[in-house]
Amino acid sequence: MPDIRTRFAPSPTGYMHIGNLHTALFEWLFARHHGGQFVLRIEDTDEARHTPEAVTVIYEGLRWLGLDWDEGPDVGGPYAPYIQSERVDIYRHYLARLLEQGLAYECFCTPEELEQQREALRARGLPPRYEGRCRRLSEREKAALRAVGRPACIRFRTPETGQTVIRDLIQGEVVYDNALLGDPVIGKTSGFPTYHFAVVVDDFEMRITHVIRAAEHLGNTQIHLLLQQALGFPSPQYAHLPLILGEDRSKLSKRHGAVSVMDYAERGFLPEAMFNFLALLGWSPGGTEEILSREEIIQRFTLEACSASPSVFDLTKAEWMNGEYMKAMSGEEIARRLLPYLQKQGLFEGNPAPERLAWLARVADLMKERAPLLTTFTTWARYFFTDDYPYDEKARKRWLTKPDTPQTLRALADRLEALGDWSAQSIEAEVRGLAEELGVSAGQVIHPCRAAVTGTTVGPSLFHLLELLAQQDVIHRLRRAADQFAEDLPAD
RNA sequence: GGCCCCAUAGUCUAGUGGUUAGGACUCCGCUCUUUCAAGGCGGCAGCACGGGUUCGAGUCCCGUUGGGGCCA
């Protein structure tokens, strides 16, 4: 296929939905697989609410996932401008042409009249579509309406008979009856085009070869195909992607909670994991491997392997996959990604020295096996960065409130204080030495120690964990816990 | 309400007329270890239903049901 061109055409609503990003990913993958171009176009004809910030949010989401565009508002391109509100003259030109040819007409019906018409249809049990009252107004009637200052919108004169066949690359052949279609508005009274018109004109003007979009637009394609015929445009190929659903199986939307792309970034997802996860939603590489690199995905991606059925966004599995990427990543790399999260929580200084970064990489290496998200480091592994961490329920119950725990912790603090070589090996020797001295199993020292120093009963190897903490901090934590829980014990 | 789409375990999926229906997440069990929220091993669980077509149907056709989307 020569010169494949796809586009991502979001509305600047001020936030970017994970479902939109999924669509963008597939459009991008198809273009990259074929060595074609991926175009970014901002569709802001609906409202006058296009703000620079809203467009920035879109850039941010695409960049986070690593989807680069070849043409767009910021980078320009041969078919600029790429913001619809700046293309109004182009739409007016085509609108005038349809009007001239009688393929579109002015409609003077007021919103109230339209509502009445719809009501009347509904009352008769018919679908509420525009009946075509203004279809055949004479020049005199039109002049009279204009004279009284009635604003007119422009409607597309759709065929009253026949069928429109969509040959969709994913959904197959879908047939719509033209008789069931009302005449859609294509030009608003404000002079702006509607979504349907702008899309058709832009996809033609920008030489889009493959319109890949979410399945919610499948029904709209009938209008688009008909408009292309009326305008004499060739039709692009269509591929309607299955929708992404929430846990309740309805279209993923704001009310499902965190759905904006940056919410996931904030939650500590790695973009490469999200890329992989999203790619596997509605597309399958065929084999049984699921962890695939970006290059492999690009190379193996085809529309034929896309499913037609919608899929539920499973956050649990996304977290698992993210964990897999964490495990495979170097401590240095994780440390680099981690920094902003830690700094935001006030757990790490700005502009850290190289040795601090190296220390963070060691922490990352120790923790990454059991960290599904980057934010795991600011929650579960908080104790690496501050003395201010909570003792969880299990830690209190199983170890800290045991009668002999304060003594054990103090004894351990004393031994560790005297330790000259602060290494995992020496620490282990001291811990085991104390257990022997007390005549208990090593676990009887290890567990209370972990509970006191980390506040939890779980985590990485205790000795390696302690090694990464400062000697005086560990001693302080041991004594602090000993004091606190000695007081809590009933005196006898 | 009308039109359209979809249907393999709770979830993501493989499967293109003949398979003990495969993999992954989740969950459960066992195991290793100083702990598990980590590792290893194992397990539960699925072709929505009813008719056809066919020697044979998860796979093709029709209907039903269920879910979803669009239209206003």
Side-chain angles (χ1 to χ4, degrees), chain A residues 111 114-115 117-119 121-130 164 166 168 170-182 184 214-223 240-252 276-291 304-324 326-327 366-373 376 379-381 392 394-395 398-399 427-428 431-432 435 441-451 454 456-466:
Chain A
L114 290 170
E115 188 46 44
Q117 291 169 29
R118 272 187 236 117
E119 268 316 312
L121 285 167
R122 257 193 292 258
R124 284 193 283 149
L126 296 169
R129 66 193 177 89
Y130 184 65
T164 301
I166 303 164
D168 192 274
I170 294 172
Q171 306 288 337
E173 208 174 88
V174 185
V175 182
Y176 286 95
D177 218 328
N178 293 337
L180 264 22
L181 188 65
E216 56 195 315
H217 291 295
L218 184 58
N220 295 334
T221 311
Q222 178 185 20
I223 294 172
H240 286 90
L241 262 14
L243 251 27
I244 306 299
L245 273 26
E247 300 286 331
D248 64 351
R249 303 206 70 94
S250 67
K251 185 170 76 164
L252 200 62
N276 192 162
F277 182 72
L278 250 22
L280 257 29
L281 235 43
W283 172 73
S284 169
T288 58
E289 326 94 289
E290 294 197 284
I291 306 295
E304 291 72 44
C306 287
S307 159
S309 57
S311 49
V312 173
F313 186 90
D314 183 1
L315 191 62
T316 310
K317 183 155 184 180
E319 287 187 4
W320 163 79
M321 186 168 282
N322 202 69
E324 294 300 303
M326 296 279 283
K327 282 175 204 169
L366 191 63
M367 269 304 289
K368 67 183 189 185
E369 281 287 322
R370 61 202 77 223
L373 299 167
T376 304
T379 55
W380 293 352
D392 73 29
K394 234 173 154 182
R398 290 188 58 183
W399 302 107
I427 295 166
E428 177 161 12
V431 169
R432 293 194 188 279
S441 69
Q444 295 300 306
V445 177
I446 288 170
H447 299 312
C449 177
R450 179 191 296 282
T454 72
T456 78
T457 58
V458 299
S461 158
L462 181 71
F463 313 119
H464 292 91
L465 175 169
L466 293 179

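Below, read A as the first sequence line, B as the second, and so on, with proteins coming before strands; counting in each chain starts at 1.
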Checklist entry - If the P atom of B:A38 is compared with that of B:G50, how far apart are they to the nearest Å? => result 41 Å
Item to check | Check: A:H240 main-chain N/O paired with A:Q171 side-chain donor or acceptor under 3.5 Å | outcome: yes
Item to check | Rounded interatomic separation in angstrom, taking CE from A:M367 and C1' from B:C36 | outcome: 11 Å
Checklist entry - When we call it a touch if two heavy atoms are under 4.0 Å apart, what does A:A308 touch: a base, just sugar-phosphate, or nothing? => result sugar-phosphate
Checklist entry - Which one, B:G23, B:C3, B:U26, comes nearest to the side chain of A:Y176? => result B:C3
Next on the checklist: Looking at B:C36, I'd like to know if its phosphate oxygens (OP1 or OP2) sit under 4.0 Å from a side-chain N or O belonging to A:K394.
Outcome noted: no
Next on the checklist: The test is side chain to side chain donor-acceptor pair (under 3.5 Å); show your working for A:T456 and A:D392 and say whether it passes.
Outcome noted: CA-CA 6 Å; A:T456 78; A:D392 73 29; 4.9 Å; no
Item to check | Earlier contact from the 5' end, RNA chain B, for A:H447 and A:G219 | outcome: A:H447
Checklist entry - Within the structure shown, what part of the strands sits under 4.0 Å from A:S461 by heavy-atom distance: base, sugar-phosphate, or nothing? => result base
Next on the checklist: Could you tell me how far apart A:R370 (CZ) and B:G40 (C1') are, to the nearest whole angstrom?
Outcome noted: 14 Å
Item to check | Euclidean distance for P, B:U31 against B:C36 (whole angstrom) | outcome: 12 Å
Checklist outcome for this item: Taking a pair to mean Watson-Crick or G-U wobble geometry with both distances below 3.5 Å, B:G42 pairs with B:C28
Item to check | Candidates B:A38, B:G68, B:U34 - which lies nearest the side chain of A:L243 | outcome: B:G68
Checklist entry - For the side chain of A:T454 and the backbone of A:A451, is there at least one donor-acceptor N/O pair under 3.5 Å apart? => result no
Item to check | Span that lies between the C1' atom of B:G10 and that of B:G46, in whole angstrom | outcome: 11 Å
Next on the checklist: With a 3.5 Å limit on both atom pairs, tell me what B:G58 is paired to, counting Watson-Crick and G-U wobble, or say none.
Outcome noted: none
Item to check | Side-chain (A:R370) to main-chain (A:G459) donor-acceptor, under 3.5 angstrom | outcome: yes
Next on the checklist: For a quick check of understanding: with a heavy-atom distance under 4.0 Å over all strands, which category does A:G459 fall into, base, sugar-phosphate or nothing?
Outcome noted: base
Next on the checklist: Can you tell me the base-pairing partner of B:C70? Count Watson-Crick or G-U wobble geometry only, both distances below 3.5 Å, and say none if there is no partner.
Outcome noted: B:G2
Next on the checklist: With heavy-atom distances below 4.5 Å as the criterion, would you say the side chains of A:L280 and A:P285 are in contact?
Outcome noted: yes
Item to check | Heavy-atom check, side chain of A:K251 versus side chain of A:E216, under 4.5 Å | outcome: yes
Checklist entry - How long is the line joining CD of A:E319 and P of B:U26, in whole Å? => result 10 Å
Next on the checklist: With rounding to the closest Å, how many angstrom separate the C1' atoms on B:U64 and B:C28?
Outcome noted: 37 Å
Checklist entry - Counting heavy atoms not belonging to A:H464, are there more than 12 under 6.0 Å from its NE2? => result no
Next on the checklist: Any base atoms under 4.0 Å from A:P372, or only sugar-phosphate, or nothing? Heavy atoms, all strands.
Outcome noted: nothing
Item to check | Residue A:F463, side-chain atoms from C-beta onward, closest of B:U34, B:C4, B:G39 | outcome: B:U34
Next on the checklist: Checking contacts here: which listed nucleotide (B:G23, B:G39, B:G69) is nearest the side-chain heavy atoms of A:K251?
Outcome noted: B:G69
Item to check | Watson-Crick or G-U wobble partner of B:C36, both distances under 3.5 Å | outcome: none
Checklist entry - In whole Å, what separates the C1' atom of B:A45 from that of B:U11? => result 12 Å
Next on the checklist: Would you measure the distance from the C1' atom in B:G52 across to the matching atom in B:C12 and give it in whole Å?
Outcome noted: 33 Å
Checklist entry - Could you state the CG-P distance from A:L181 to B:C3, rounded to the nearest angstrom? => result 14 Å
Checklist entry - Do A:D314 and A:W320 come within less than 4.5 Å of each other through their side chains, counting heavy atoms only? => result no
Checklist entry - If pairing requires Watson-Crick or G-U wobble contacts with both distances under 3.5 Å, which nucleotide is the partner of B:A48? => result B:U64
Checklist entry - Considering heavy-atom distances to RNA chain B, does A:R129 or A:D248 have its closest nucleotide positioned more toward the 5' end? => result A:D248
Checklist entry - Tell me, do A:V312 and A:R249 make a side-chain contact under 4.5 Å, heavy atoms counted? => result yes
Checklist entry - Applying a 3.5 Å limit to both distances, which nucleotide forms a Watson-Crick or G-U wobble pair with B:A9? => result none
Checklist outcome for this item: The nucleotide from B:U26, B:G68, B:C36 with an atom nearest the side chain of A:T316 is B:U26
Checklist entry - What interatomic distance, in whole Å, is found between P of B:A48 and the corresponding atom of B:A14? => result 14 Å
Item to check | Proximal nucleotide (of B:U35, B:G69, B:C5) relative to the A:V174 side chain | outcome: B:C5
Next on the checklist: Heavy atoms from C-beta onward define the side chain here; which of B:A38, B:U34, B:G68 lies closest to that of A:S250?
Outcome noted: B:G68
Item to check | Candidate nucleotides B:C70, B:A38, B:U35, ranked by approach to the side chain of A:E216 - the nearest | outcome: B:C70
Atom pairs, protein N/O to nucleotides 10-15 of chain B N/O, distance under 3.5 Å:
| from | atom 1 | to | atom 2 | distance (Å) |
| --- | --- | --- | --- | --- |
| B:U11 | OP1 | A:R249 | NH1 | 3.1 |
| B:C12 | OP1 | A:V312 | N | 3.0 |
| B:C12 | O2' | A:L280 | O | 3.4 |
| B:U13 | OP1 | A:G282 | N | 2.6 |

Checklist entry - Can you tell me how far C1' in B:C30 sits from the matching atom in B:C44, rounded to whole Å? => result 15 Å
Checklist entry - With side chains defined as the heavy atoms from C-beta onward, is the minimum distance between A:K327 and A:K368 less than 4.5 Å? => result no
Item to check | Between C1' of B:G2 and CG of A:L180, the distance in whole Å | outcome: 7 Å
Next on the checklist: Side chain of A:E369, heavy atoms from C-beta onward: which of B:A38, B:A24, B:A72 has the nearest atom to it?
Outcome noted: B:A38
Next on the checklist: Applying a 4.0 Å non-hydrogen cut-off, can you work out what A:T457 is touching in the nucleic acid: base, sugar-phosphate, or nothing?
Outcome noted: base
